[in-house]
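It should be emphasised that the depicted structure is a prediction, and the values quoted were computed from it without experimental measurement. The figures that follow rest on heavy atoms only: side chains count, while hydrogens, waters and symmetry mates do not. So you know, we letter chains A, B, ... as the sequences are listed, proteins then strands, and number each from 1.
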Amino acid sequence: MKSLSKHLRHLLIPGHHNNFRGKLLQQDALLIYLVIAFLMLVVSKSFSRIATDNILGKATDIQIEQLLEQTNEVRAQNGLSPLTYNEKLAEAAKAKAKHMFINNYWAHFSPKGDSPWQFIRRSGYQYEFAGENLAKNFLFSQNVIDAWEKSPTHRENLLRSDFSQVGFAVEDGVLEGEETTLVVQMFGSPLLGSADAQALKASDQDGKETVEISQEAASTLGQQTTGTVVFAPNRVLVLYIFIGVFIVSLALDLYIASRLKLLRLHGKTIAHLLFIITIALGVLLFLSQGAIL
Amino acid sequence: MHLFKSVRKELSAHTLDYLILVSASVVFLLFLRMFRGERTESLLTLLIFTSFYIMWGLVHHTKEKTLHIKNVLEYIIISFVILLLSIVAFSLV
């Protein structure tokens with residue numbers, strides 16, 4: 001215990017033992033961080049190349065099960081019934097995502113005028129009401145639902161009582177020249193008398209849990225969640241750890257140096273702190289977020 | 001107490017320098033907000049801000065007559081570590 005605290009002091013607290021600068025902020029330690037960051041860049045590029053070759057997708061942790069669960073949580077909080085997962089709507093969502101990648105657009109309507117409803121009709125789903133939410137470049141399922149919930153128009157779709165079914169697609173590809181993860185959410189309520197309406201009625205009568213995902217959908221999901229997926233949150237965590245270490249060591253350095261009235265080269269620590277806090281704010285508020293439409 | 005005193009002393013001695021740095025930080029955050037979900041634009045914003053920070057350090061220490069290779073390296077390394085890790089974390093390239 002004593003040696004641990006001595007070690008921590010050596011790493012963080014400026015004093016005689018470390019030439020009045022915490023070891024974590026000394027030049028050799030900074031060089032080690034740079035080497036680690038560079039190695040991480042090289043490794044992550046290799047991982048993403050392997051992932052692309054194996055069609056495993058990009059390093060995100062967006063899962064259809066979670067999207068469905070969180071959508072229904074939002075509805076439950078507002079006193080609405082849960083949506084059931086529909087294969088045809090999921091198929092329509094997937095077709096829409098692929099269409100956006102192939103035709104290079106990010107919009108509800110394609111440049112040629114294809115509407116979301118065309119994709120739903122082509123999947124064989126006969127609807128009375130239908131809706132679509134889009135998202136891109138998010139890392140986590142929860143962030144996608146949170147962003148939709150904060151936007152009035154997307155929230156309207158999430159909370160529309162006319163909708164009884166939903167389908168999702170999470171697709172990776174190149175959009176407008178950059179690697180992109182698209183999330184498409186298609187809502188619907190089946191036309192009375194259609195096969196989907198009858199299936200929905202039957203499941204309601206059976207009193208079954210209505211948020212189940214079929215075996216086929218689950219296996220598709222399984223394909224998306226293998227490979228690099230686990231890697232993404234870890235990489236974000238590494239960034240947060242580095243930012244945390246920098247902020248703690250710089251703040252301690254500033255505090256101890258001012259207490260000991262150490263003569264320092266002007267402003268370095270305050271400037272570094274300002275810079276890293278700004279980056280931390282940017283990362284937390286904006287870089288970890290995607291765009292919605 | 002010592003901390004606030006020394007921070008205040010440093011800030012009041014170089015008000016213009018810190019005003020420029022804080023303004024650039026606010027502009028950086030506004031641009032990141034504007035380009036939310038756009039990887040290329042976010043990367044460019046990050047690159048410009050980190051380059052600006054290194055330049056700021058050079059100018060600040062030149063004015064203070066404390067420009068030393070160790071200082072320059074420190075600004076460059078801290079900026080690059082943050083830049084590279086952000087690129088890796090958010091797949092910006």
Side chain, backbone, both or neither of [X] within contact of chain A (heavy atoms, under 4.5 Å):
| X | result |
| --- | --- |
| B:Lys5 | neither |
| B:Val22 | side chain |
| B:Leu29 | both |
| B:Tyr53 | side chain |

Separation of [Y] [atom2] from [X] [atom1] (nearest 0.5 Å):
| X | Y | atom1 | atom2 | result |
| --- | --- | --- | --- | --- |
| B:Phe90 | B:Leu46 | CZ | CG | 9.5 Å |
| A:Leu11 | A:Leu24 | CG | CG | 4.5 Å |
| B:Thr45 | B:Glu38 | OG1 | CD | 10.5 Å |

Q.
Less than 4.5 Å to any heavy atom of chain B: does that hold for the side chain of A:Ile276, its backbone, both, or neither?
A. side chain
Q.
Less than 4.5 Å to any heavy atom of chain B: does that hold for the side chain of A:Phe246, its backbone, both, or neither?
A. side chain
Q. Among B:Phe35, B:Phe49, B:Phe28, which has the most heavy-atom pairs under 4.5 Å with chain A?
A. B:Phe49
Q. If you look at every heavy atom in A:Ala135 and A:Ile292, which pair is closest and at what distance?
A. CB-CG2, 4.0 Å
Q | Residue, of A:Phe275, A:Trp106, A:Phe138, A:Tyr240, that accumulates the most heavy atom pairs under 4.5 Å with chain B | A | A:Phe275
Q. What option among A:Ile36, A:Leu274, A:Val35, A:Leu175 has the most heavy-atom pairs under 4.5 Å with chain B?
A. A:Leu274
**Q.** Pairing of A:Arg155 and A:Glu149 as salt bridge, 4.0 angstrom limit
**A.** yes
Q. Are the charged groups of A:Lys98 and A:Glu171 less than 4.0 angstrom apart, N to O?
A. yes
Q. Side chains of A:Asp172 and A:Glu179: closer than 4.5 Å at any heavy-atom pair?
A. no
